[in-house]
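To start, the structure itself, in structure tokens.
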Amino acid sequence: MGNVVTSIDLGSSKICVIISEMDNNGQLQVIGIGKSKCKGIKKGVVVDIEETAKAVIEAVTQAENMADIEICEAYINIPGGYTKLIRNKGIIAVSSDDKEISFEDVKRVLNSATIVSIPQDQRIVDIIPRQYIVDGYDGISDPIGMVGIRLEVEADIIVGSTTTVLNLVKSVNRAGIEVLGIIMEPISTSEAVLTKDEKDLGVLLLDIGAGTSDFSVFRNGILIYSNILPIAGNHITNDISVGLRLPFDRSEEIKKKFGVAYTKLANNDNVFEINPLGFNNNLEVNEIQLSEIIEARIREIFELINMDLIKNRVKDKILTGIVITGGGVSYFKGVTELGIEVFGLPVRIGQPYQMGAQEPIFSSAVGLINYGFKRKLNYYIEYNNVEIKKGRGKKRGKNTKSIMSFLKTIWDEYF
């Protein structure tokens, strides 16, 4: 049970929790899943800490019951549009007498890379090394064990709004969970739904949720551009609610059951009944009429993103196409066809492949797990991980163990 990692995906409409364990073969196994509705987050920003905490507790409890363990620590995500990357360089002299580079040297050089000027309302949330350089020799991914006099690192420093970050953390802490680290959502999601070739050659990751559409471009294996659009799945539901004069919940139900994103694929013979507000009798609506409402909004989202990519001169970096994930539009029939028409690029739906979490709504949560284990292996991080407690009769309390890692050091230093 020592290799257990938990992720909490804080979305605008739902909280997803995944507990995962690495087996003896080095494969990740999902052992617990939880999901709850959340009314405390709007467009990726916490607006009600208590409501968010309640939703976290509900989702965590579901996952704990499934895994039959109690967790006290987790990774969380932050939307890419509320963060930015600052590229910086760190340099140190190797400290040991035999000049062999140790894990402590790597921690020191990463710390030196965080010495960068940032606005007072921003905070460092993560650091991603791009490459290490030993005595002028670059392209090194893992310098530990090598011999050298000077160690350098080129890294991306991820900073986020202090208000956004601290409110996310406070909401999770209020649920009795310690935050091990905050991970930029596009980076974590990419670990679940993108292939190495896609990230190397150039790909657009389009993560559409309930409140926001997060879009990011990867090239040469790294994130080169990220932005956020405050239009997503809830706006489609609201359009249906207004257009058909239905309550929001009923519109959401109809959207998921009968929705088609591309009107050319809708069938005029598929008819369903609705009871609009202010009408005494039921009315019949066909699939094409509903699809016209849905397509108009999704087309707007795609066109706005396409214009942003062109404006910021990154669309020509997208060689392999577009991967759509998240619970906002990925389940619609015809969404890939509409995407191909608007972007003029290949489009596919991205979903994680871990057993039990193979839906696009779990992409971010699974990505957080994959990223956490990847960082653990890459940086030789030693976890005093989650305090595992068998049984269900104990109340969750403050965690008594700390994660001994560079990420924890960064967290303590800046927060």
Side-chain angles (χ1 to χ4, degrees), residues 9 11-16 35-39 42-43 193 206-215 229-306 322-343 346-352 357-364:
D9 172 21
S12 297
S13 67
K14 51 79 176 110
I15 303 292
C16 290
K35 183 174 68 172
S36 64
K37 292 183 178 180
C38 180
K39 298 181 180 179
K42 301 297 182 184
K43 298 181 180 180
V193 301
L206 181 49
D207 186 356
I208 302 180
T212 60
S213 297
D214 207 330
F215 55 102
L229 190 68
I231 309 173
N234 282 347
H235 295 80
I236 301 171
T237 307
N238 188 67
D239 291 344
I240 297 171
S241 180
V242 173
L244 301 182
R245 297 185 182 182
L246 295 174
F248 188 89
D249 290 345
R250 175 59 176 156
S251 299
E252 180 75 12
E253 179 185 336
I254 289 174
K255 179 183 77 171
K256 291 182 175 180
K257 188 174 183 180
F258 302 104
V260 177
Y262 199 41
T263 306
K264 293 179 181 178
L265 300 180
N267 190 339
N268 194 51
D269 295 330
N270 291 340
V271 178
F272 58 93
E273 288 189 346
I274 62 172
N275 185 12
L277 296 173
F279 284 72
N280 294 324
N281 300 319
N282 289 346
L283 298 180
E284 287 190 345
V285 176
N286 62 51
E287 199 174 77
I288 290 180
Q289 291 172 308
L290 178 63
S291 178
E292 288 173 346
I293 298 174
I294 295 172
E295 181 185 329
R297 180 61 78 175
I298 298 180
R299 183 180 290 274
E300 178 194 21
I301 293 171
F302 286 174
E303 288 176 346
L304 288 172
I305 292 172
N306 191 49
I322 298 165
V323 177
I324 300 176
T325 192
V329 304
S330 58
Y331 57 87
F332 281 123
K333 175 184 176 182
V335 71
T336 56
E337 288 82 355
L338 180 58
I340 292 170
E341 180 177 302
V342 174
F343 290 102
V347 179
R348 72 173 178 88
I349 301 300
Q351 60 189 48
Q358 297 174 326
E359 299 177 45
I361 62 170
F362 292 118
S363 294
S364 182

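For the numbers below, each heavy atom of this structure counts, side chains included, while hydrogens, waters and symmetry mates do not. By convention here, the first residue in the shown sequence is residue 1.
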Could you state the interatomic distance from [atom1] ([X]) to [atom2] ([Y]), rounded to the nearest 0.5 Å?
| X | Y | atom1 | atom2 | value |
| --- | --- | --- | --- | --- |
| E303 | N306 | CD | CG | 8.0 Å |
| E337 | E295 | CD | CD | 11.0 Å |
| I294 | I240 | CD1 | CD1 | 4.0 Å |
| E287 | L265 | CD | CG | 9.0 Å |
| K255 | Y331 | NZ | OH | 3.5 Å |
| I305 | L206 | CD1 | CG | 4.5 Å |

What closest approach, in Å, do [X] and [Y] show between heavy atoms, and which atom pair accounts for it?
| X | Y | value |
| --- | --- | --- |
| E273 | R250 | O-NH2, 3.4 Å |
| I361 | G327 | CG2-CA, 3.4 Å |
| G233 | I208 | N-CG2, 4.4 Å |
| A232 | I301 | CA-CD1, 4.0 Å |
| N281 | N275 | O-OD1, 3.9 Å |
| G211 | K43 | O-CG, 3.7 Å |

Flag side-chain contact, heavy atom, 4.5 Å: [X] against [Y]:
| X | Y | answer |
| --- | --- | --- |
| I349 | P360 | yes |
| K333 | Y262 | no |
| V260 | L290 | no |
| I288 | E292 | yes |
| L304 | F215 | no |
| I231 | R297 | yes |
| I274 | F279 | no |
| D207 | S363 | no |

Candidates N267, N268, D269 - the one meeting side-chain hydrogen bond (donor to acceptor under 3.5 Å, both in side chains) with N286: N268
For I254 and V285, run side chain to side chain contact (heavy atoms under 4.5 Å, CB included): C-alpha distance rounded to whole Å, both residues' side-chain angles, the deciding distance at 0.1 Å, then the answer. CA-CA 11 Å; I254 289 174; V285 176; over 6 Å; no
So I236 and F332, side chain to side chain contact (heavy atoms under 4.5 Å, CB included) or not? Walk me through it. CA-CA 12 Å; I236 301 171; F332 281 123; 4.1 Å; yes
Name of the residue among D239, L244, L246, N238 meeting side chain to side chain contact (heavy atoms under 4.5 Å, CB included) with V242: N238
Given the rule in the side chain to side chain donor-acceptor pair (under 3.5 Å) test, do T263 and S291 qualify, once you have shown the distances and angles that lead to the verdict? CA-CA 5 Å; T263 306; S291 178; 3.3 Å; yes
Parallel, tilted or perpendicular: which fits the ring planes of F258 and F272, with parallel below 30° and perpendicular above 60°? parallel
Can you check whether L229's main-chain N or O pairs, donor with acceptor, with T212's side chain at less than 3.5 Å? no
Step through the shown structure and confirm whether more than 12 heavy atoms of other residues, nucleotides or ligands are within 6.0 Å of CZ on R245. no
Regarding T325 and S330, do their side chains bring together a donor and an acceptor under 3.5 Å, going by distance alone? no
